[in-house]
Asks: 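Can you read through this structure? Questions will come right after.
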Amino acid sequence: MAWNEPGNNGNDKDPWNKKGGRDQGPPDLDEVFRKFSSKFGGLFGGNKSGNGGGGLGGAGLSFVLIIAAIVWALSGIYTVKEAERGIVLHFGQFDRIADPGLRWKMTFIETVIPVDIEAVRSLSTSGFMLTEDENVVSVEFQVQYRVIDPFLYKFSVTNADSSLEEALESALRYVVGHSKMDQVLTNGREVVRQNTWDELNKIIEPYNLGLIVTDVNFKDSRPPAEVKDAFDDAIAAQEDEQRFIREAEAYAREIEPRARGQVTRMTQEAEGYGERIILEAQGEVARFEKLLPEYQAAKRVTRERLYIDAMEEVLGNSSKVLVDVKGGNNMMYLPLDKIMDKQGNATRVALPSSSDINDLRNKVNTSRNSTVNSSSDRFGADRFNDGR
């Protein structure tokens, strides 16, 4: 049965506490809010007139404050990673550096900015640059760096990374501008790289960026596309030049030991020849000193013996035989070298008999004796009297 049903005495069941069951209008919202305010206002000390209402409000406020303090304290716990350092700001002003581990900060009062100090960062720059010989090259350069001071990295300049990039481009343009194009493109790349590194450190040092440059990399350098073919030919020619130089050096390394060996051999031969000549001369002197007393004792005999020995040595090395015919003015000539050649070509060789050999030997001895006797008086005296 409805609370406002006619004849049911539903006045007591009116939720809006209207004193007339006939009033069917909307409830008074202001009255509803006043009732709620009167009921819950005591929790916060708003109602001071009701039996102990003030004590209940103080306890509630303390409870709320304790809960808020616990939440605030828990919200300040944070963790700094092993590779990071935390920059703690107190009302926006630098206060301290937080080391790795579990840390606490005052929420809404302190702010923590984590900075990774172990990660190796990199940035690169590229562009067309003018060389010392007024040529244009396209250069791409990369630098690797690491943070060593978190405070300087964040507060020394507005943006340390951007400042480092601008310093890198400035240093690279300076070095390329003081280098030849061939150095930038071919054999001077390492020099350009090292000079750029040094120049970059000089630029960033006064700014105290809190960074350290760990490495620089000269990634690429090339001429403009319009003249690329010509430069490719020039580079190929330079590579051929280097190849020829290396081949020449290898050839020199191969020839030089051989030439040194020949020099050593010739030097040793010359030294040996000099020693041999000196020894032979000393032997001749010694022989002459021994021969001189004999010559002084028997001049004619010694002179004839020396002449016979000399003629024997000369004629012994000759392949020709001269036979002096006794009683005649003609001398017979035997070309033994020609005869021996003919005998070597013949299939059968007729050897002379022993009687023929003896006759020939007797003739040679007779001719030699007569020659010695006729010539000794003519040549011997002149040879030894003048001291030769």
Asks: Rounded to the nearest 0.5 Å, what's the gap from OG on S122 to CD on Q142? Could you check?
Replies: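 These two atoms lie 5.0 Å from each other.
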Asks: Is there a path of hydrophobic side-chain contacts, each under 4.5 Å between heavy atoms, that joins F288 and L279?
Replies: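 Different clusters: F288 never reaches L279 through Ile, Leu, Val, Met, Phe, Trp or Tyr contacts under 4.5 Å.
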Asks: Just verifying a value: how many Å separate L164 CG and R121 CZ, rounded to the nearest 0.5 Å?
Replies: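 One finds 11.0 Å between CG of L164 and CZ of R121.
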Asks: If you measure from the Lys or Arg side-chain nitrogens to the Asp or Glu carboxylate oxygens, is any gap between E190 and R193 under 4.0 Å?
Replies: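 So E190 pairs with R193 through a salt bridge.
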Asks: Within the supplied structure, the quantity of interest is the number of heavy atoms (other residues, nucleotides, ligands) at a distance under 6.0 Å from E82 CD; does it exceed 12?
Replies: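 Open: at most 12 neighbouring heavy atoms sit under 6.0 Å from CD of E82.
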Asks: Please check if the number of heavy atoms outside E205 that lie under 6.0 Å from its CD is greater than 12.
Replies: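 Open.
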Asks: Do you know which two heavy atoms are closest between G86 and V80, and how far apart they sit?
Replies: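 Result for this residue pair: N-CG1, 4.1 Å.
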Asks: Taking side chain as C-beta onward, heavy atoms only, is D99 less than 4.5 Å from R85?
Replies: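 A side-chain contact under 4.5 Å exists here.
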Asks: Give a yes-or-no answer on whether the side chains of Y145 and D215 include a donor-acceptor pair shorter than 3.5 Å.
Replies: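 No donor-acceptor contact under 3.5 Å links the two side chains.
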Asks: Determine whether M106 and I77 fall in the same hydrophobic cluster, where Ile, Leu, Val, Met, Phe, Trp and Tyr are linked whenever their side-chain heavy atoms lie under 4.5 Å apart.
Replies: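 Yes, M106 connects to I77 through the hydrophobic network.
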Asks: Which heavy atom of V184 sits nearest a heavy atom of S179, and at what distance?
Replies: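 Shortest heavy-atom separation between V184 and S179 comes out as CG2-CB, 4.0 Å.
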Asks: Considering only NZ, NE, NH1 and NH2 on the basic side and carboxylate oxygens on the acidic side, decide whether R265 and E269 come within less than 4.0 Å.
Replies: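 The answer is yes: the pair qualifies as a salt bridge.
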Asks: Atom OG of S126 and atom CG of L172: how far apart are they, to the nearest 0.5 Å?
Replies: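 CG of L172 is found 9.5 Å from OG of S126.
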Asks: What distance do R146 atom CZ and I117 atom CD1 have between them, rounded to the nearest 0.5 Å?
Replies: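 The CZ atom of R146 sits 7.5 Å away from the CD1 atom of I117.
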Asks: Do NZ/NE/NH1/NH2 and the carboxylate oxygens of R305 and E294 come within less than 4.0 Å?
Replies: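 Salt bridge flag = yes for E294 with R305.
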Asks: Is F155 atom CZ crowded by more than 12 heavy atoms from other residues, nucleotides or ligands, each under 6.0 Å away?
Replies: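 Yes, CZ of F155 has more than 12 neighbouring heavy atoms, counting only those of other groups under 6.0 Å.
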Asks: Out of curiosity, D133 CG to T131 OG1, how far, rounded to the nearest 0.5 Å?
Replies: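 Result: 3.5 Å between the selected atoms.
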Asks: Can you hop from V191 to L185 via hydrophobic side chains spaced under 4.5 Å?
Replies: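 Unlinked, V191 and L185 end up in two clusters.
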Asks: T264 side chain to R260 main-chain N or O, any donor-acceptor pair under 3.5 Å?
Replies: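 Pair found, side chain donor or acceptor close to backbone of R260.
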Asks: Other hydrophobic cluster members with F244, side-chain heavy atoms of Ile/Leu/Val/Met/Phe/Trp/Tyr under 4.5 Å, chained?
Replies: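 For F244, no cluster forms, as it stays isolated from other hydrophobic side chains.
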Asks: Mind listing the closest non-hydrogen atom pair of A167 and I203 along with its distance?
Replies: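 Looking at all heavy atoms of both residues, the closest pair is CB-CG2, 3.7 Å.
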Asks: Short question: side chain of N135, backbone of L130 - any donor-acceptor pair under 3.5 Å?
Replies: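 Pair absent, no side-chain N/O of N135 close to backbone of L130.
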Asks: Relative to the ring of F94, is the ring of F151 parallel (under 30°), tilted (30 to 60°) or perpendicular (over 60°)?
Replies: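 Geometry flag for F94 against F151: tilted rings.
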Asks: Under 3.5 Å, is there a donor on one side chain and an acceptor on the other for S221 and R189?
Replies: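 On atom types as modelled, these side chains qualify, holding a pair under 3.5 Å.
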Asks: Is there a chain of hydrophobic side chains (I, L, V, M, F, W, Y, each step under 4.5 Å between heavy atoms) that links W104 to F108?
Replies: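 In one cluster: yes.
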Asks: Is R96 salt-bridged to E110, cutoff N-O under 4.0 Å?
Replies: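 Yes, R96 and E110 are salt-bridged.
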Asks: Assess the side chains of Y174 and N195: does a donor N or O sit below 3.5 Å from an acceptor N or O?
Replies: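 Per modelled atom types, Y174 and N195 side chains form no pair under 3.5 Å.
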